[in-house]
Amino acid sequence: LLTFFIVTGDPQGFAIIWSLLLPSMGMLVFGRKRALLLSTIYFAILIFFFWTPIGKDILVDVSGAIPYNESYSECTTEKKIIEKLLENNLITAAKMADELNKMFGIDSTVIIRNGIDFNLYKQMEVNSFAKKESVGISADSFLVGHIGRFSEPKNHQFIVDIFNCIQEKNKYAHLLLIGDGPLKSDVIQKIQRLGIGDKVTILSNRQDIPELLSCMDVFLFPSLYEGLSVTMIEAQVVGLNCVVSDTINNQTFITPNIAVLSLSSPAEQWADAALNFTGNISHWGNMDTFDLNVEIRRLEYLYLGMPRSR
């Protein structure tokens, strides 16, 4: 086996020959039952890694940006593909599907989107006044919301600036931030420095996101960069008006309730957009394409060999 690998340099062939010898070697070492189990596991791994490229379908699930990995630095074709996909720090499922089709010489790559369970959002009955009060927010507040990890890409410092302008124009305004992360303490310090701590609520590790979203009046999302944001999908499913940065992937726009602003625009302009909302996008996608129940049915069709749409 070692000679074969050194002479041919073919790891795939090496693995196949090894797999043929594994059962008999396993019986000598482990006994028949354990050898059968180990062989089955090994064959499953072998098929997964080496059979996929020559199969008919490749499934793609893309929900965010892919970080560059230094291990690609010595690749050729793979490196070029990754570099294309990482254009503007964003990746779209359609673009990845096209690249995979070219890589493997096929035309049948199937996109499986990272959906959410719409039933959790559409069928709930929430008393927004009571829900607000349950987390210490006045029932009659104008609730500005954001969900996201306290990290640089989410741009929480700017969110606080925007809300500071909002609360100067609307005395009933309240900011709800949901998330956790390394920059949380920095954001809290800024809130305290501005003297608006009594108008800001920060929650984390929540299991009631659909209910909290339904209590919001407007959703802020001025991210520095994003992939395909599930949070944006959730906000739109409950019918929220969303004020977002022009870095947001427009494939996440599934309702007309979107106002896109430049990150170079001042916080006051963002505040006006939130207080006097007017959607400014001309095209948006089909909401059902992110319904988890729809995607599950598509997967079932794939496994059963039935026709399906891309």
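Since the model is a prediction, treat every value here as computed from it, not as a measurement.
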How far does CD1 of Ile188 sit from CZ of Phe150, to the nearest 0.5 angstrom?
7.0 Å
Shared ILVMFWY cluster between Leu213 and Met287, side chains joined below 4.5 angstrom?
yes
Cut-off 3.5 Å, side chains only: do Asn170 and Gln167 have a donor facing an acceptor?
no
Is atom CD of Glu168 surrounded by more than 12 heavy atoms (other residues, nucleotides or ligands) closer than 6.0 Å?
yes
Are the side chains of Phe221 and Ile159 in touch, meaning some heavy atoms are under 4.5 Å apart?
no
When rounded to the nearest 0.5 angstrom, what is the spacing between CG in Asp140 and OH in Tyr172?
6.5 Å
Counting C-beta onward and ignoring hydrogens, is there a side-chain heavy-atom pair between Leu177 and Leu175 closer than 4.5 Å?
yes
Given the rule in the side-chain contact (heavy atoms from CB on, under 4.5 Å) test, do Phe219 and Asn241 qualify, once you have shown the distances and angles that lead to the verdict?
CA-CA 6 Å; Phe219 190 77; Asn241 293 331; over 6 Å; no
Ignoring hydrogens and angles, tell me if any N or O in the side chain of Gln236 forms a donor-acceptor pair with the backbone of Thr252 under 3.5 Å.
yes
Please confirm whether the backbone N or O of Ser141 pairs with a side-chain atom of Lys132, one donor and one acceptor, at under 3.5 Å?
yes
Non-hydrogen side-chain atoms of Asp186 and Gln157 separated by less than 4.5 Å
yes
Measure the CG-OG distance between Asp208 and Ser134 for me, rounded to the nearest 0.5 Å.
7.5 Å
Is there a donor-acceptor pair closer than 3.5 Å between any side-chain N or O of Trp270 and the backbone N or O of Ser262?
yes
Got a second to check how far Ile147's CD1 is from Ser204's OG, nearest 0.5 Å?
12.5 Å
Would you call Asp161-Lys190 a salt bridge at under 4.0 Å N-O?
yes
Shortest non-hydrogen contact from Ala139 toward Glu133:
CB-OE2, 3.5 Å
Roughly how far apart are Leu275 CG and Ile162 CD1, rounded to 0.5 Å?
11.0 Å
Same cluster or not: Val294 versus Ile296, using hydrophobic residues (I, L, V, M, F, W, Y) connected whenever any side-chain heavy atoms lie under 4.5 Å apart?
no
Between Asp288 (side chain) and Asp291 (backbone), is there a donor-acceptor pair under 3.5 Å?
no
Could you give me the CA-CA distance, side-chain angles and deciding distance for Val135 and Leu203, then say whether side-chain contact (heavy atoms from CB on, under 4.5 Å) is met?
CA-CA 9 Å; Val135 292; Leu203 304 175; 4.0 Å; yes
Between Ile196 and Val160, is any pair of side-chain heavy atoms under 4.5 Å apart?
yes
Flag side-chain contact, heavy atom, 4.5 Å: Ile191 against Lys199:
no
Heavy-atom distance under 4.5 Å between the side chains of Val218 and Phe142, does that happen here?
yes
Any donor and acceptor pair, going by atom type alone, linking the side chain of Asp117 with main-chain N or O of Leu292 inside 3.5 Å?
no
Classify the side-chain pair Ser138/His174 by whether it contains a donor and acceptor separated by less than 3.5 Å.
no
So, taking the atom named OG in Ser245 and the one named CG in Leu263, what distance separates them when rounded to the nearest 0.5 Å?
4.5 Å
Would you say Ile248 and Val260 make side-chain contact, with heavy atoms under 4.5 Å?
no
Measure across Asn280 and Ala259 and return the closest heavy-atom pair with its distance rounded to 0.1 Å.
OD1-CA, 3.3 Å
Side chains of Asp180 and Asn205: any donor to acceptor distance under 3.5 Å?
no
Okay, side chain of His146, backbone of Leu220: is any donor-acceptor separation there less than 3.5 Å?
yes
After noting the C-alpha distance and the side-chain angles of Ile281 and Asn250, does the key distance pass the side-chain contact (heavy atoms from CB on, under 4.5 Å) rule?
CA-CA 9 Å; Ile281 61 171; Asn250 60 15; over 6 Å; no
With no hydrogens and no angle check, is any side-chain donor or acceptor of Asn155 less than 3.5 Å from a backbone partner on Pro222?
yes
Between Val126 and Cys215 the two heavy atoms that sit nearest each other are CG1-SG, 4.4 Å
Val243 vs Phe277, side-chain contact (heavy atoms from CB on, under 4.5 Å): CA-CA, chis, key distance, verdict:
CA-CA 8 Å; Val243 184; Phe277 182 84; 4.0 Å; yes
Answer with yes or no whether the hydrophobic clustering places Phe129 together with Leu240; edges join I, L, V, M, F, W, Y residues whose side-chain heavy atoms lie under 4.5 Å apart.
no
Taking the side chain as every heavy atom from C-beta outward, state whether Pro182 and Glu152 have any pair of such atoms under 4.5 Å apart.
no
Ser223 side-chain N/O to Tyr225 backbone N/O, donor-acceptor pair under 3.5 Å:
no
